[in-house]
Amino acid sequence: MALAKEIMCGSIIESTSFSSSASYSKVFLNQNFRRNQTRFLVSPVLVPLEQRRTLHLRKVVRGPVAAISEDLVRSKAIQPSSSSPVESPVESKPVSFKVRAVVTVRNKNKEDFKETLVKHLDAITDKIGRNVVLELISTQTDPRTNGPKKSKEAVLRDWSKKVNVKAERVNYTAEFEVDSNFGIPGAITVTNKHQKEFFLEAITVEGLACGPVHFPCNSWVQSKKDHPAKRIFFSNKPYLPSETPAGLKVLREKELKILRGNGKGVRKLSDRIYDFDVYNDLGNPDKSTELARPKLGGKEIPYPRRCRTGRLPTDTDLQAESRIEKPFPLYVPRDEQFEESKQASFSFGRLKAVLHNLIPSLKASFSAENQEFSGFADIDNLYSEGILLKLGVQEELLKKLPLNLVTRIQQNKGILKYDTPKIISKDKFAWLRDDEFARQAIAGVNPVSIERMTVFPPVSKLDPEIYGPQESALKDEHILGHLNGMTVQQALDEKKLFMVDYHDIFLPFLDKINSLDGRRTYATRTIYFLSPQGTLKPVAIELSLPQTGPSSRSKRVVTPPVDATSNWVWQLAKAHVCTNDAGVHQLVNHWLRTHASLEPFILSAHRQMSAMHPIYKLLDPHMRYTLEINALARQNLINADGVIEACFTAGRYGMEISAAAYKSMWRFDQENLPADLVRRGMAVPDPTQPHGVKVVIEDYPYANDGLLIWGAIENWVSTYVNRYYPNSSVVCNDLELQNWYSESINVGHADVRNESWWPKLETPEDLTSILTTLIWLASAQHAALNFGQYPYGGYVPNRPPLMRRLIPEENDPEYATFVADPQKYFLLALPSVLQSTKFMAVVDTLSTHSPDEEYIGERQQPSIWSGDPEIVEAFYEFSAQVKNIEKEIERRNNDPSLRNRCGAGVLPYELLAPSSEPGVTCRGVPNSVSI
């Protein structure tokens, strides 16, 4: 019996519920098998009972059984002894019999009336033949047709009986009829003859000699009336294209052709087609000329590509795609849409945002007094009392709201209150301190802009013919008194001077931005000095405006305060720096470098790599929800008059700034963490270090924690890649892999496709580097830039997204007003009540983890996502490494010597701590860009 288990890849008697059923036989082996075991090639087939009776088995349970091996039937090694009267069954014809599939369907928790009605109609019609039909496909070809070898069709059982089951997951069964030469199942086709789509989570075929065969599906199966083609699902066994079994080659190509589509027509929400298009749907010129926006993508304004929807052009501009406004959804392929729990979480957040925006709008329309914060206590009241009490309204405003909103308010008493942001949870006045201002440059929500200075003063790279002299207004005397006795050159040589430089990215747009109503800003540079204690301190801020004439003063330097007036000037200067920082963070580092730049790689992965491809299986969890969240951003956030335009300094020019950054600074080869740190001078190459670099600020929380995660991802990816690509030849000859990478560059990033910096894809090392970069960007980099938005930005004075006033000079008319009441001037320079609450509500939603979040080191169906046991084991090792990283981050956050993450009132740096609870937690690294 032990030998039987070994030959059959594990006992089907013990491993499957199918074989334990009373209707199926147990398997026994003749002693002759034992003598000939070395000549058997294990290839599962189904051997009928009657043939097995000729093998002198003592006990046989009647009924069809799962078989042993195809070669057990064919091999000449199976011969009876000379004294045996039994004839060999080898020459017998294959005999048909049955195996079982267990099909897991995920139910919706909430259904509307129409969905419930259609579901019950489907249950009725299921009994008369309008049912769900499956067909099993072998890895072998059928010698009669030279096509895929297929089972007879099987109907999903008991659909009508289980229509009222309330469980989240419901298991159904189907019986396939196959013959003893069927071979190993490699695919299943599914036809849905119902009216309603259903979510197919997984299929397990039981009763095979090598044990169960798993088919992870995780896909919506549409009705045949909408999509006539059969759905194809492959088993979890990965295959490179060159290794695809003969019986699956045609299906592999057919499925990819379906996913690519033909590039024509308007996409339906139920489609599964992945294609590229430019960003020509951000504006709405049909509604107003003020809402027209330039096309992003092409020679004039380079930009990554987004998912094509095929919507008709606008009437006003044939190059612009017509808009679909909320609550109607934009197209993304059906399986990319949010699952129910994610959608519920996002919808609740959107409701909060609507209410937090609507109520101040209504109240502001009653009285101008409610449009501004009169004091810091007004801001505090948003957290302690909520919007209604803060604005001094109760019944009168609720009467003006729609009934359904009033009901939701009454059901969720806290919906109109804001949670206290973490930045003021430990120290209410931390945001005022210079050390906290500096600390956030390396441990806040945007720790990727700071760079080490190698020359002083800094020099602009802008065209001096257009933007004036390239020289900075900063001089040695501005900072010399803040360098602990060092000269400027000594500070540079000892790597003590750092800068956050937004001069070149903002200056070309300042004239246009400052002409907008309620927008006033500078292009800023901030200089930091690294103290002996390992903390940074700001030593100078340069504020630049466009030059209006040869002798105009367009640059101003502000240094740390020496009296009351200079203290308020310094606070205003820091606020303007934060405004620049918030804009670059949102438009460049967050949106462009994670969301937008990854979308082409995701689109091409679905178009060019089969679900069987091992690299597709590796990337799969890191692509989850990204297309959907990017579509929602085009609809609500980055669109004309959307949240970004309404709440950030750049206004309608925000996406043009993002595109300018793509053209001037985005390079895929420098998007991996070690390269980015070296590019910014925040690390130096050092082969003796674990990740090949040494960080120049010893306590740089983002870099130090990030390198731990980067290293874990790199080790996991390297193990995975080397499993399937032992040498460069395999990489170069993998057509699906090469087509994916080529299309991602030449179509998805078409405007920069000819740049010399694109990494080559020729070796396993090249592939490891590319994949590690993509996974890093989708997981840890996005987490570091996203989930601290509300904890740091939810208190608007700490990180104002826009400013409405410049800093008055002594000869300006506003200077007397500023000196008379500097606090009032400061508050009037910040966003208004409406702008603030709208911004706060949106970043609250964006900072929220949904209940179905999958974090790094986690996967759906972790034990069966791949049919390669070595890879599954390697993934568990990766998961264990991630857990150890979390413990190390916790240790660091309790180390008092690390003053940038531990100390009185100092927030611990947890944005790269891998796990999190749902909600706004300021921690957690999801697998993908999912919010």
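Throughout, numbering of the chain's residues begins at 1 and tracks the sequence.
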* To do: For T921, enumerate each residue passing the side chain to side chain contact (heavy atoms under 4.5 Å, CB included) test, keeping only those at least two apart in sequence or located in another chain.
  => H849, S916, R923

* **side-chain contact (heavy atoms from CB on, under 4.5 Å) between F182 and V99, worked out** => CA-CA 11 Å; F182 187 76; V99 292; over 6 Å; no

* Of all pairs that satisfy side-chain hydrogen bond (donor to acceptor under 3.5 Å, both in side chains), the ones with a partner from residues 121-131, not counting sequence neighbours -> D126-H194

* Asked: Would you call E206 and R100 a salt bridge, taking side-chain N to carboxylate O under 4.0 Å as the test?
  -> yes

* Asked: Looking just at side-chain N and O atoms, do K149 and Q140 make a donor-acceptor pair shorter than 3.5 Å?
  -> yes

* Asked: Once you round to the nearest 0.5 Å, how far does CD1 of I232 lie from OG of S219?
  -> 11.5 Å

* Write out all pairs satisfying side-chain hydrogen bond (donor to acceptor under 3.5 Å, both in side chains) with one or both partners inside residues 869-882, taking only residues at least two apart or from two chains. => R723-E870

* Passing option when S930 is tested against R624, E853, E854 for side chain to side chain donor-acceptor pair (under 3.5 Å) -> E853

* Minimum side-chain heavy-atom gap N786-I931 below 4.5 Å -> yes

* **From CA spacing to verdict: side-chain contact (heavy atoms from CB on, under 4.5 Å), Y616, M623** => CA-CA 10 Å; Y616 180 91; M623 303 188 289; 3.8 Å; yes

* To do: Kindly write out the residues that satisfy side chain to side chain contact (heavy atoms under 4.5 Å, CB included) with I124, not counting sequence neighbours, or none if the list is empty.
  => none

* **L200 side chain reached by V103 side chain, heavy atoms, under 4.5 Å** => yes

* Do N171 and T104 get their side chains close enough for a donor-acceptor pair, meaning under 3.5 Å? -> yes

* Considering all heavy atoms, the nearest S160-A123 contact -> CB-O, 3.1 Å

* **Residues forming a ring pair (Phe, Tyr, Trp, His ring centres under 6.0 Å) with Y239, sequence neighbours excluded** => none

* **Closest non-hydrogen atom pair, R267 against R308** => NH1-NH1, 3.4 Å

* To do: Can you label the angle between the Y790 ring and the Y418 ring as parallel, tilted or perpendicular, going by 30° and 60°?
  => parallel

* Asked: Side chains of K150 and I137: closer than 4.5 Å at any heavy-atom pair?
  -> yes

* Structure fact -> Closest non-hydrogen atoms of L248 and A187, given as atom of the first, atom of the second and distance, are CD2-CB, 3.9 Å

* **Qualifying residues under side chain to side chain donor-acceptor pair (under 3.5 Å), relative to R252, sequence neighbours excluded** => T244, E736

* Structure fact -> Heavy-atom closest pair (S928 atom, T626 atom, distance to 0.1 Å) is CB-OG1, 4.3 Å

* Structure fact -> Hits for side chain to side chain contact (heavy atoms under 4.5 Å, CB included) against V165, two or more places apart or cross-chain, chain-then-number order -> K162, A167, V170

* Got T309 and R634 here, is their nearest side-chain heavy-atom distance under 4.5 Å? -> yes

* Under 3.5 Å side-chain donor-acceptor pair for D868 and Y724 -> yes

* Asked: Given E168 and N107, is the side-chain contact (heavy atoms from CB on, under 4.5 Å) satisfied, shown in steps?
  -> CA-CA 5 Å; E168 182 179 6; N107 280 338; 5.8 Å; no

* To do: Compare all side-chain heavy atoms of Q860 with those of P216 and state whether any distance is below 4.5 angstrom.
  => no

* Asked: Can you name the closest pair of heavy atoms from H606 and L256 and give their distance?
  -> O-CD2, 3.7 Å

* Would you please classify the geometry between the H595 ring and the H782 ring as parallel, tilted or perpendicular, with 30° and 60° separating the classes? => perpendicular

* Taking side chain to side chain contact (heavy atoms under 4.5 Å, CB included) as the test, write out the residues that go with E325, two or more places apart. => N284, R323

* Structure fact -> ring pair (Phe, Tyr, Trp, His ring centres under 6.0 Å) pairs touching residues 203-236, sequence neighbours excluded, are F199-W220

* To do: Start with the C-alpha distance between C922 and E910, add both sets of side-chain angles, then the distance that settles side-chain contact (heavy atoms from CB on, under 4.5 Å), and finish with yes or no.
  => CA-CA 7 Å; C922 201; E910 297 180 306; 5.6 Å; no

* Kindly write out the residues that satisfy side chain to side chain donor-acceptor pair (under 3.5 Å) with N927, not counting sequence neighbours, or none if the list is empty. => none

* Minimum heavy-atom distance G924-A783, with the two atoms named -> O-CB, 3.5 Å

* Could you tell me how the ring of Y720 sits relative to the ring of W865: parallel (under 30°), tilted (30 to 60°) or perpendicular (over 60°)? => parallel

* Once you round to the nearest 0.5 Å, how far does OG of S270 lie from CD of Q337? -> 9.0 Å

* Asked: How would you list, by chain and number, every residue that makes a side chain to side chain donor-acceptor pair (under 3.5 Å) with K108, sequence neighbours excluded?
  -> E115

* **Partners passing side chain to side chain donor-acceptor pair (under 3.5 Å) against D112 (at least two apart in sequence or in another chain)** => none

